[in-house]
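From a predicted model like this one, the values you see are computed outputs, not experimental measurements. Sequence lines set the chain letters: A, B, ... in the order given, protein chains first and strands last, and positions in each chain run from 1.
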2 protein chains.
Amino acid sequence: MIVSSALIENAVNEFAKLPGIGKKTALRLVLHLLKQETPQVEQFGEVITRMRRQIKFCKQCHNVSDDDVCNICASHTRNQKLVCVVESIRDVIAIENTQQFNGAYHVLGGIISPIDGIGPDQLNIHTLVERVQQHGVEEVIMAVSPTIEGDTTIYYLSKKLKDLPVKVTTIARGIAFGGELEYADEMTLARSLTNRLPLENYLQNK
Amino acid sequence: MIVSSALIENAVNEFAKLPGIGKKTALRLVLHLLKQETPQVEQFGEVITRMRRQIKFCKQCHNVSDDDVCNICASHTRNQKLVCVVESIRDVIAIENTQQFNGAYHVLGGIISPIDGIGPDQLNIHTLVERVQQHGVEEVIMAVSPTIEGDTTIYYLSKKLKDLPVKVTTIARGIAFGGELEYADEMTLARSLTNRLPLENYLQNK
(Lines give C-alpha, C1' and ligand atoms only; values in the text may rest on other atoms or scores of the structure.)
Protein backbone atom coordinates (compact mmCIF):
# COMPACT_ATOMS: atom_id res chain seq x y z
CA MET A 1 0.00 0.00 0.00
CA ILE A 2 1.38 3.39 -1.02
CA VAL A 3 0.65 6.17 1.46
CA SER A 4 2.38 9.52 1.08
CA SER A 5 2.99 9.85 4.81
CA ALA A 6 5.39 7.76 6.90
CA LEU A 7 3.43 8.67 10.06
CA ILE A 8 0.28 7.13 8.63
CA GLU A 9 2.11 4.17 7.17
CA ASN A 10 3.61 3.32 10.58
CA ALA A 11 0.24 3.62 12.30
CA VAL A 12 -1.35 1.37 9.65
CA ASN A 13 1.40 -1.20 10.15
CA GLU A 14 0.86 -1.18 13.92
CA PHE A 15 -2.88 -1.76 13.55
CA ALA A 16 -2.32 -4.45 10.93
CA LYS A 17 -0.34 -6.47 13.50
CA LEU A 18 -3.57 -7.05 15.44
CA PRO A 19 -5.41 -10.33 14.78
CA GLY A 20 -8.10 -10.17 12.09
CA ILE A 21 -7.09 -6.68 10.95
CA GLY A 22 -5.66 -6.38 7.46
CA LYS A 23 -4.06 -3.36 5.79
CA LYS A 24 -7.33 -1.99 4.43
CA THR A 25 -9.14 -2.15 7.78
CA ALA A 26 -6.06 -0.72 9.49
CA LEU A 27 -6.13 2.23 7.08
CA ARG A 28 -9.82 2.80 7.81
CA LEU A 29 -9.13 2.86 11.56
CA VAL A 30 -6.19 5.25 11.14
CA LEU A 31 -8.20 7.63 8.94
CA HIS A 32 -10.97 7.52 11.57
CA LEU A 33 -8.48 8.48 14.29
CA LEU A 34 -7.18 11.28 12.05
CA LYS A 35 -10.65 12.82 12.16
CA GLN A 36 -10.72 12.76 15.97
CA GLU A 37 -9.30 15.53 18.14
CA THR A 38 -5.70 15.02 19.32
CA PRO A 39 -6.57 14.59 23.06
CA GLN A 40 -8.97 11.77 22.24
CA VAL A 41 -6.32 9.92 20.25
CA GLU A 42 -3.78 10.54 23.02
CA GLN A 43 -6.24 9.02 25.47
CA PHE A 44 -6.62 5.98 23.20
CA GLY A 45 -2.85 5.45 23.17
CA GLU A 46 -2.46 6.08 26.90
CA VAL A 47 -5.30 3.81 28.05
CA ILE A 48 -3.89 0.90 26.07
CA THR A 49 -0.29 1.45 27.15
CA ARG A 50 -1.34 1.88 30.79
CA MET A 51 -3.41 -1.31 30.60
CA ARG A 52 -0.38 -3.32 29.48
CA ARG A 53 1.99 -1.68 31.97
CA GLN A 54 -0.19 -1.92 35.06
CA ILE A 55 -2.14 -5.14 34.54
CA LYS A 56 -1.46 -7.85 37.07
CA PHE A 57 -2.40 -11.49 37.32
CA CYS A 58 -4.23 -12.56 40.46
CA LYS A 59 -1.87 -14.48 42.76
CA GLN A 60 -4.63 -16.90 43.66
CA CYS A 61 -6.59 -17.61 40.47
CA HIS A 62 -4.30 -16.19 37.70
CA ASN A 63 -7.13 -14.10 36.29
CA VAL A 64 -6.27 -10.59 35.06
CA SER A 65 -6.51 -8.09 37.86
CA ASP A 66 -5.82 -4.47 38.78
CA ASP A 67 -4.41 -5.59 42.15
CA ASP A 68 -2.40 -8.52 43.52
CA VAL A 69 -5.62 -10.41 44.21
CA CYS A 70 -8.49 -10.01 41.77
CA ASN A 71 -11.85 -8.66 42.90
CA ILE A 72 -13.52 -12.06 42.45
CA CYS A 73 -11.05 -13.79 44.83
CA ALA A 74 -11.24 -10.83 47.23
CA SER A 75 -15.05 -10.77 47.31
CA HIS A 76 -16.78 -11.86 50.52
CA THR A 77 -20.12 -12.30 48.79
CA ARG A 78 -18.79 -15.03 46.52
CA ASN A 79 -18.39 -18.67 47.48
CA GLN A 80 -14.60 -19.14 47.68
CA LYS A 81 -15.05 -22.87 48.35
CA LEU A 82 -16.49 -23.42 44.88
CA VAL A 83 -13.77 -23.13 42.20
CA CYS A 84 -14.44 -23.19 38.48
CA VAL A 85 -11.40 -24.30 36.45
CA VAL A 86 -11.15 -22.61 33.02
CA GLU A 87 -8.66 -22.48 30.22
CA SER A 88 -8.32 -18.72 29.76
CA ILE A 89 -9.35 -15.25 30.89
CA ARG A 90 -11.84 -15.19 28.02
CA ASP A 91 -13.74 -18.10 29.60
CA VAL A 92 -13.95 -16.22 32.92
CA ILE A 93 -15.54 -13.29 31.09
CA ALA A 94 -17.97 -15.61 29.27
CA ILE A 95 -19.10 -17.25 32.52
CA GLU A 96 -19.28 -13.93 34.40
CA ASN A 97 -21.57 -12.61 31.68
CA THR A 98 -24.11 -15.35 32.40
CA GLN A 99 -24.45 -13.77 35.90
CA GLN A 100 -25.33 -17.26 37.17
CA PHE A 101 -22.11 -18.31 38.86
CA ASN A 102 -21.25 -17.16 42.36
CA GLY A 103 -18.04 -19.09 43.03
CA ALA A 104 -14.40 -18.31 42.26
CA TYR A 105 -12.20 -19.25 39.28
CA HIS A 106 -8.90 -20.84 38.53
CA VAL A 107 -7.36 -19.96 35.16
CA LEU A 108 -5.12 -22.74 33.85
CA GLY A 109 -3.56 -20.51 31.19
CA GLY A 110 -4.01 -23.15 28.48
CA ILE A 111 -4.82 -26.79 28.10
CA ILE A 112 -2.72 -29.95 27.98
CA SER A 113 -1.79 -30.37 24.33
CA PRO A 114 1.31 -32.46 23.59
CA ILE A 115 1.09 -31.59 19.89
CA ASP A 116 1.62 -27.90 20.77
CA GLY A 117 4.26 -28.80 23.36
CA ILE A 118 2.04 -27.79 26.28
CA GLY A 119 2.35 -30.16 29.21
CA PRO A 120 0.97 -29.93 32.76
CA ASP A 121 4.06 -28.03 33.95
CA GLN A 122 3.28 -25.04 31.73
CA LEU A 123 -0.17 -24.68 33.26
CA ASN A 124 -1.32 -23.34 36.63
CA ILE A 125 -2.08 -26.83 37.97
CA HIS A 126 0.34 -26.84 40.88
CA THR A 127 -1.33 -23.74 42.35
CA LEU A 128 -4.78 -25.30 41.95
CA VAL A 129 -3.79 -28.38 43.98
CA GLU A 130 -2.22 -26.12 46.64
CA ARG A 131 -5.33 -23.96 46.73
CA VAL A 132 -7.61 -26.97 47.22
CA GLN A 133 -5.36 -28.25 50.00
CA GLN A 134 -4.90 -24.96 51.85
CA HIS A 135 -8.22 -23.17 51.43
CA GLY A 136 -10.64 -26.03 52.06
CA VAL A 137 -12.17 -25.90 48.58
CA GLU A 138 -15.29 -28.07 48.58
CA GLU A 139 -16.01 -28.38 44.85
CA VAL A 140 -13.95 -27.98 41.69
CA ILE A 141 -15.97 -27.55 38.48
CA MET A 142 -14.09 -28.40 35.29
CA ALA A 143 -15.26 -25.92 32.66
CA VAL A 144 -12.93 -26.71 29.77
CA SER A 145 -13.81 -27.18 26.11
CA PRO A 146 -15.16 -30.62 25.17
CA THR A 147 -12.20 -31.58 22.97
CA ILE A 148 -9.63 -34.32 23.22
CA GLU A 149 -7.21 -31.87 24.84
CA GLY A 150 -9.94 -30.73 27.23
CA ASP A 151 -10.73 -34.30 28.25
CA THR A 152 -7.02 -35.03 28.71
CA THR A 153 -6.74 -32.03 31.01
CA ILE A 154 -9.81 -33.07 32.98
CA TYR A 155 -8.41 -36.58 33.36
CA TYR A 156 -5.02 -35.28 34.51
CA LEU A 157 -6.56 -32.87 37.02
CA SER A 158 -8.94 -35.48 38.39
CA LYS A 159 -5.97 -37.75 39.11
CA LYS A 160 -4.14 -34.91 40.86
CA LEU A 161 -7.17 -34.13 43.01
CA LYS A 162 -8.42 -37.64 43.68
CA ASP A 163 -6.79 -38.02 47.12
CA LEU A 164 -8.06 -34.67 48.38
CA PRO A 165 -11.41 -34.20 50.14
CA VAL A 166 -12.94 -32.28 47.25
CA LYS A 167 -15.87 -32.98 44.93
CA VAL A 168 -14.93 -32.74 41.24
CA THR A 169 -17.61 -32.03 38.63
CA THR A 170 -17.71 -30.94 34.99
CA ILE A 171 -20.11 -28.60 33.24
CA ALA A 172 -22.93 -30.40 31.44
CA ARG A 173 -22.43 -31.40 27.82
CA GLY A 174 -25.54 -31.56 25.71
CA ILE A 175 -27.56 -30.03 22.94
CA ALA A 176 -27.22 -26.23 23.01
CA PHE A 177 -30.34 -24.07 23.28
CA GLY A 178 -31.59 -23.43 19.77
CA GLY A 179 -29.55 -26.36 18.47
CA GLU A 180 -31.28 -28.98 16.38
CA LEU A 181 -30.99 -32.66 17.21
CA GLU A 182 -30.35 -33.80 13.67
CA TYR A 183 -27.28 -31.56 13.34
CA ALA A 184 -25.72 -32.53 16.68
CA ASP A 185 -22.68 -34.80 16.49
CA GLU A 186 -23.02 -38.38 17.73
CA MET A 187 -20.82 -37.85 20.78
CA THR A 188 -22.82 -34.88 22.06
CA LEU A 189 -26.12 -36.61 21.34
CA ALA A 190 -24.94 -39.80 23.07
CA ARG A 191 -23.74 -37.87 26.13
CA SER A 192 -26.95 -35.90 26.32
CA LEU A 193 -28.86 -39.20 26.46
CA THR A 194 -26.57 -40.73 29.07
CA ASN A 195 -26.76 -37.62 31.24
CA ARG A 196 -30.49 -37.13 30.84
CA LEU A 197 -32.26 -35.02 33.47
CA PRO A 198 -35.51 -35.54 35.36
CA LEU A 199 -38.11 -33.30 33.74
CA GLU A 200 -38.59 -31.31 36.96
CA ASN A 201 -34.96 -30.11 36.83
CA TYR A 202 -35.40 -29.01 33.24
CA LEU A 203 -38.62 -27.12 33.91
CA GLN A 204 -37.12 -25.46 37.00
CA ASN A 205 -34.34 -23.96 34.90
CA LYS A 206 -36.76 -22.53 32.35
CA MET B 1 -19.75 -7.00 29.35
CA ILE B 2 -18.43 -7.83 32.82
CA VAL B 3 -14.64 -7.80 33.09
CA SER B 4 -13.01 -8.02 36.50
CA SER B 5 -10.39 -5.38 35.64
CA ALA B 6 -11.04 -1.68 35.11
CA LEU B 7 -7.80 -1.39 33.11
CA ILE B 8 -9.04 -3.95 30.60
CA GLU B 9 -12.54 -2.54 30.54
CA ASN B 10 -11.22 0.93 29.67
CA ALA B 11 -9.03 -0.47 26.91
CA VAL B 12 -11.96 -2.46 25.49
CA ASN B 13 -14.11 0.68 25.53
CA GLU B 14 -11.44 2.66 23.65
CA PHE B 15 -11.14 -0.01 20.94
CA ALA B 16 -14.93 -0.29 20.69
CA LYS B 17 -15.11 3.40 19.71
CA LEU B 18 -13.40 2.55 16.41
CA PRO B 19 -15.68 2.00 13.41
CA GLY B 20 -16.69 -1.61 12.77
CA ILE B 21 -15.28 -2.84 16.08
CA GLY B 22 -17.77 -4.13 18.64
CA LYS B 23 -17.16 -5.09 22.25
CA LYS B 24 -16.31 -8.71 21.47
CA THR B 25 -13.73 -7.83 18.82
CA ALA B 26 -12.35 -5.11 21.10
CA LEU B 27 -11.88 -7.68 23.85
CA ARG B 28 -10.12 -10.01 21.45
CA LEU B 29 -7.70 -7.21 20.45
CA VAL B 30 -7.06 -6.25 24.08
CA LEU B 31 -6.38 -9.86 25.09
CA HIS B 32 -4.00 -10.12 22.13
CA LEU B 33 -2.12 -7.01 23.32
CA LEU B 34 -1.99 -8.50 26.84
CA LYS B 35 0.02 -11.39 25.43
CA GLN B 36 2.55 -9.04 23.81
CA GLU B 37 5.59 -7.67 25.62
CA THR B 38 5.12 -4.24 27.25
CA PRO B 39 7.57 -2.37 24.91
CA GLN B 40 5.63 -3.58 21.86
CA VAL B 41 2.35 -2.31 23.28
CA GLU B 42 4.01 0.98 24.24
CA GLN B 43 5.21 1.30 20.66
CA PHE B 44 1.67 0.69 19.42
CA GLY B 45 0.33 3.49 21.62
CA GLU B 46 3.16 5.87 20.79
CA VAL B 47 3.07 5.41 17.01
CA ILE B 48 -0.65 6.17 16.93
CA THR B 49 -0.44 9.16 19.27
CA ARG B 50 2.55 10.56 17.37
CA MET B 51 0.73 10.11 14.07
CA ARG B 52 -2.20 12.22 15.30
CA ARG B 53 0.02 14.87 16.93
CA GLN B 54 2.46 15.36 14.08
CA ILE B 55 0.36 14.80 10.98
CA LYS B 56 -0.04 17.85 8.76
CA PHE B 57 -2.19 18.61 5.78
CA CYS B 58 -0.40 19.70 2.61
CA LYS B 59 -0.81 23.47 2.12
CA GLN B 60 -1.22 22.97 -1.58
CA CYS B 61 -3.35 19.85 -2.09
CA HIS B 62 -4.77 19.19 1.45
CA ASN B 63 -3.51 15.61 1.37
CA VAL B 64 -2.10 14.20 4.61
CA SER B 65 1.58 14.91 4.88
CA ASP B 66 4.56 14.67 7.22
CA ASP B 67 5.67 18.17 6.14
CA ASP B 68 4.01 21.46 5.15
CA VAL B 69 3.96 20.35 1.52
CA CYS B 70 3.33 16.66 0.79
CA ASN B 71 5.87 14.58 -1.08
CA ILE B 72 3.60 14.36 -4.14
CA CYS B 73 3.36 18.16 -4.48
CA ALA B 74 7.08 18.51 -3.73
CA SER B 75 8.14 15.92 -6.32
CA HIS B 76 9.94 17.13 -9.45
CA THR B 77 9.31 13.89 -11.30
CA ARG B 78 5.54 14.34 -11.17
CA ASN B 79 3.55 16.52 -13.53
CA GLN B 80 2.38 19.41 -11.33
CA LYS B 81 0.31 20.84 -14.22
CA LEU B 82 -2.01 17.85 -14.14
CA VAL B 83 -4.27 17.95 -11.08
CA CYS B 84 -6.62 15.15 -10.08
CA VAL B 85 -9.51 16.37 -7.90
CA VAL B 86 -10.68 13.78 -5.32
CA GLU B 87 -13.08 13.71 -2.41
CA SER B 88 -10.83 12.30 0.30
CA ILE B 89 -7.38 11.08 1.30
CA ARG B 90 -8.61 7.53 0.79
CA ASP B 91 -9.13 8.24 -2.93
CA VAL B 92 -5.56 9.54 -3.23
CA ILE B 93 -4.33 6.27 -1.76
CA ALA B 94 -6.55 4.24 -4.13
CA ILE B 95 -5.25 6.09 -7.21
CA GLU B 96 -1.63 5.98 -6.01
CA ASN B 97 -1.94 2.22 -5.66
CA THR B 98 -2.75 1.89 -9.38
CA GLN B 99 0.78 3.29 -10.02
CA GLN B 100 -0.60 4.70 -13.28
CA PHE B 101 -1.03 8.37 -12.42
CA ASN B 102 1.90 10.78 -12.52
CA GLY B 103 0.19 14.09 -11.79
CA ALA B 104 -0.70 15.84 -8.52
CA TYR B 105 -3.88 15.80 -6.43
CA HIS B 106 -6.34 18.19 -4.88
CA VAL B 107 -8.34 16.81 -1.94
CA LEU B 108 -11.74 18.51 -1.62
CA GLY B 109 -12.34 17.13 1.86
CA GLY B 110 -15.88 16.04 0.99
CA ILE B 111 -18.50 16.51 -1.65
CA ILE B 112 -21.34 19.00 -2.12
CA SER B 113 -24.31 17.46 -0.32
CA PRO B 114 -27.05 19.90 0.78
CA ILE B 115 -28.85 17.09 2.64
CA ASP B 116 -25.81 16.70 4.93
CA GLY B 117 -25.37 20.48 5.16
CA ILE B 118 -22.16 20.45 3.10
CA GLY B 119 -21.95 23.34 0.69
CA PRO B 120 -19.06 24.57 -1.51
CA ASP B 121 -17.73 26.78 1.30
CA GLN B 122 -16.91 23.79 3.49
CA LEU B 123 -14.76 22.25 0.76
CA ASN B 124 -11.27 23.10 -0.51
CA ILE B 125 -12.63 24.64 -3.72
CA HIS B 126 -11.29 28.17 -3.27
CA THR B 127 -7.72 26.86 -3.04
CA LEU B 128 -8.24 24.77 -6.19
CA VAL B 129 -9.28 27.82 -8.23
CA GLU B 130 -6.31 29.79 -6.84
CA ARG B 131 -3.98 26.93 -7.63
CA VAL B 132 -5.18 26.72 -11.24
CA GLN B 133 -4.79 30.49 -11.62
CA GLN B 134 -1.36 30.82 -10.02
CA HIS B 135 0.46 27.63 -11.00
CA GLY B 136 -0.54 27.36 -14.63
CA VAL B 137 -2.37 24.05 -14.22
CA GLU B 138 -3.13 22.65 -17.67
CA GLU B 139 -5.64 19.92 -16.88
CA VAL B 140 -7.97 19.21 -13.99
CA ILE B 141 -9.30 15.63 -13.81
CA MET B 142 -12.49 15.21 -11.79
CA ALA B 143 -12.21 11.87 -10.01
CA VAL B 144 -15.28 11.93 -7.78
CA SER B 145 -17.83 9.18 -7.23
CA PRO B 146 -20.56 8.84 -9.90
CA THR B 147 -23.42 9.85 -7.58
CA ILE B 148 -25.83 12.77 -7.64
CA GLU B 149 -23.64 14.60 -5.12
CA GLY B 150 -20.56 13.82 -7.21
CA ASP B 151 -22.18 15.16 -10.36
CA THR B 152 -23.32 18.29 -8.48
CA THR B 153 -19.76 18.87 -7.34
CA ILE B 154 -18.40 18.36 -10.85
CA TYR B 155 -20.96 20.81 -12.22
CA TYR B 156 -20.13 23.43 -9.58
CA LEU B 157 -16.38 23.08 -10.12
CA SER B 158 -16.71 23.23 -13.91
CA LYS B 159 -18.57 26.55 -13.58
CA LYS B 160 -15.86 27.92 -11.27
CA LEU B 161 -13.12 26.88 -13.69
CA LYS B 162 -14.80 27.68 -17.00
CA ASP B 163 -13.20 31.13 -17.52
CA LEU B 164 -9.69 29.87 -16.79
CA PRO B 165 -7.36 28.49 -19.48
CA VAL B 166 -7.56 24.92 -18.18
CA LYS B 167 -8.84 21.69 -19.66
CA VAL B 168 -11.38 19.93 -17.43
CA THR B 169 -11.93 16.18 -17.76
CA THR B 170 -13.54 13.42 -15.72
CA ILE B 171 -12.48 9.84 -15.20
CA ALA B 172 -14.23 7.39 -17.52
CA ARG B 173 -17.47 5.78 -16.39
CA GLY B 174 -18.20 2.35 -17.75
CA ILE B 175 -18.43 -1.34 -17.11
CA ALA B 176 -15.81 -2.38 -14.56
CA PHE B 177 -13.32 -5.11 -15.42
CA GLY B 178 -14.89 -8.42 -14.48
CA GLY B 179 -18.32 -6.80 -14.40
CA GLU B 180 -21.11 -8.42 -16.37
CA LEU B 181 -23.21 -6.42 -18.80
CA GLU B 182 -26.55 -7.81 -17.68
CA TYR B 183 -25.95 -6.70 -14.09
CA ALA B 184 -24.81 -3.15 -14.93
CA ASP B 185 -27.33 -0.38 -14.20
CA GLU B 186 -28.90 1.43 -17.16
CA MET B 187 -27.06 4.70 -16.55
CA THR B 188 -23.62 3.07 -16.54
CA LEU B 189 -24.46 0.96 -19.57
CA ALA B 190 -25.84 3.97 -21.47
CA ARG B 191 -22.77 6.10 -20.64
CA SER B 192 -20.42 3.30 -21.64
CA LEU B 193 -22.14 3.21 -25.06
CA THR B 194 -22.06 6.99 -25.49
CA ASN B 195 -18.37 7.16 -24.53
CA ARG B 196 -17.35 4.14 -26.60
CA LEU B 197 -13.67 3.86 -27.52
CA PRO B 198 -11.94 3.00 -30.79
CA LEU B 199 -10.82 -0.62 -30.51
CA GLU B 200 -7.14 0.38 -30.87
CA ASN B 201 -7.33 2.37 -27.61
CA TYR B 202 -8.83 -0.59 -25.84
CA LEU B 203 -6.24 -3.04 -27.09
CA GLN B 204 -3.40 -0.65 -26.25
CA ASN B 205 -4.48 -0.59 -22.62
CA LYS B 206 -4.52 -4.36 -22.34
Side-chain angles (χ1 to χ4, degrees), chain A residues 1-15 17-21 25 27-34 36-56 58 63-67 70-73 88-90 92-93 96-99 105, chain B residues 1-15 17-21 25 27-34 36-56 58 63-67 70-73 88-90 92-93 96-99 105:
Chain A
M1 185 174 291
I2 304 163
V3 186
S4 60
S5 152
L7 290 166
I8 290 197
E9 206 163 332
N10 292 341
V12 168
N13 288 339
E14 283 297 324
F15 267 114
K17 284 182 195 167
L18 298 175
I21 295 191
T25 308
L27 179 65
R28 196 158 60 96
L29 299 180
V30 168
L31 293 181
H32 170 83
L33 287 178
L34 259 192
Q36 309 303 309
E37 296 298 322
T38 310
Q40 280 176 282
V41 178
E42 283 173 345
Q43 187 191 324
F44 176 82
E46 271 163 32
V47 163
I48 284 154
T49 310
R50 193 178 336 125
M51 183 269 299
R52 185 63 192 88
R53 268 200 209 124
Q54 297 181 1
I55 200 78
K56 292 174 181 167
C58 173
N63 188 13
V64 284
S65 171
D66 296 353
D67 302 300
C70 76
N71 53 15
I72 295 175
C73 285
S88 72
I89 299 154
R90 198 177 272 143
V92 174
I93 295 169
E96 282 295 285
N97 278 302
T98 66
Q99 304 196 11
Y105 295 93
Chain B
M1 185 174 292
I2 304 163
V3 186
S4 60
S5 152
L7 291 166
I8 290 198
E9 205 163 331
N10 291 342
V12 167
N13 288 339
E14 284 297 324
F15 267 114
K17 285 183 194 165
L18 297 175
I21 294 192
T25 309
L27 179 66
R28 196 158 59 98
L29 299 179
V30 168
L31 293 181
H32 170 83
L33 287 178
L34 259 191
Q36 308 303 307
E37 296 296 323
T38 310
Q40 279 177 280
V41 178
E42 284 173 345
Q43 187 192 324
F44 176 82
E46 270 163 33
V47 162
I48 285 154
T49 311
R50 193 181 332 128
M51 182 270 297
R52 185 63 193 86
R53 269 202 208 123
Q54 297 182 2
I55 200 78
K56 292 175 181 170
C58 174
N63 188 12
V64 284
S65 170
D66 295 353
D67 303 300
C70 77
N71 55 15
I72 296 175
C73 285
S88 73
I89 300 154
R90 200 176 270 142
V92 174
I93 295 169
E96 281 297 285
N97 276 304
T98 67
Q99 303 195 13
Y105 295 94

Undergrad: Heavy-atom pairs under 4.5 Å with chain A are the metric here; pick the option from B/Ser88, B/Pro19, B/Cys70 that has the most.
TA: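 Winner by heavy-atom pair count: B/Pro19.
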Undergrad: Locate the shortest heavy-atom distance separating A/Ile48 from B/Ala11; write the atom from each residue and the value.
TA: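 Answer, listing the atom of A/Ile48 first, then B/Ala11: CG1-CB, 4.3 Å.
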Undergrad: Heavy-atom distances under 4.5 Å only: say whether B/Val30 touches chain A with side chain, backbone, both or neither.
TA: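 Both parts, backbone and side chain.
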Undergrad: Between chain A and each of B/Glu96, B/Arg50, B/Gln40, count heavy-atom pairs under 4.5 Å; write down the option with the most.
TA: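 Answer, by heavy-atom pair count under 4.5 Å with chain A: B/Glu96.
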Undergrad: Tell me, out of A/Val41, A/Thr25, A/Asn13, A/Val64, who's got the most heavy-atom pairs with chain B below 4.5 Å.
TA: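 If we count pairs closer than 4.5 Å to chain B, A/Val41 comes out on top.
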Undergrad: Between A/Glu46, A/Lys56, A/Arg28, which residue shows the highest count of heavy-atom pairs closer than 4.5 Å to chain B?
TA: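 Between A/Glu46, A/Lys56, A/Arg28, the count favours A/Arg28.
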Undergrad: Quick one: which of B/Thr49, B/Asp67, B/Asn10 has the most heavy-atom pairs under 4.5 Å with chain A, could you say?
TA: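 Result: the option with the highest number of such pairs is B/Thr49.
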Undergrad: Measure across A/Ile21 and A/Phe15 and return the closest heavy-atom pair with its distance rounded to 0.1 Å.
TA: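 Shortest heavy-atom separation between A/Ile21 and A/Phe15 comes out as CG2-O, 3.6 Å.
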Undergrad: Would you call the rings of B/Phe44 and A/Phe44 parallel, tilted or perpendicular if under 30° counts as parallel and over 60° as perpendicular?
TA: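 Rings of B/Phe44 and A/Phe44: tilted, 30 to 60°.
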Undergrad: Out of B/Val92, B/Asn63, B/Leu29, which one racks up the most heavy-atom pairs below 4.5 Å with chain A?
TA: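 Most heavy-atom pairs under 4.5 Å with chain A: B/Leu29.
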Undergrad: Quick check for you: to the nearest 0.5 Å, what is the distance between A/Thr38 atom OG1 and A/Leu33 atom CG?
TA: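 Here the interatomic distance stands at 11.0 Å.
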Undergrad: Could you look at B/Ile72 and say if it's the side chain, the backbone, both or neither that has a heavy atom under 4.5 Å from chain A?
TA: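 Contact with chain A is through the side chain of B/Ile72 alone.
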Undergrad: Relative to chain A, which segment of B/Gln36 carries a heavy atom at a distance below 4.5 Å: side chain, backbone, both, or neither?
TA: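 Backbone of B/Gln36 only, per the 4.5 Å heavy-atom cut-off to chain A.
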Undergrad: Counting only heavy atoms closer than 4.5 Å, note whether B/Ile89 contacts chain A via side chain, backbone, both or neither.
TA: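 The side chain, not the backbone.
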Undergrad: For B/Cys58 and B/Cys73, work out which heavy atoms get closest and say how close.
TA: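 Smallest interatomic distance, heavy atoms only, reads SG-SG, 3.8 Å.
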Undergrad: Find the one option among A/Lys17, A/Arg53, A/Gln43 whose heavy-atom pairs under 4.5 Å with chain B are most numerous.
TA: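 Heavy-atom pair counts peak at A/Arg53.
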Undergrad: For chain A, find which of B/Ile93, B/Asp66, B/Val47, B/Leu18 contributes the most heavy-atom pairs closer than 4.5 angstrom.
TA: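 Top option by heavy-atom pairs under 4.5 Å: B/Asp66.
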Undergrad: Measure B/Leu31 against the heavy atoms of chain A and call it side chain, backbone, both or neither at under 4.5 Å.
TA: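 When you check distances to chain A, only side chain atoms of B/Leu31 fall under 4.5 Å.
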Undergrad: Name the option with the most non-hydrogen atom pairs under 4.5 Å to chain A; the candidates are B/Arg52, B/Met51, B/His32, B/Glu42.
TA: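 Answer, by heavy-atom pair count under 4.5 Å with chain A: B/Arg52.
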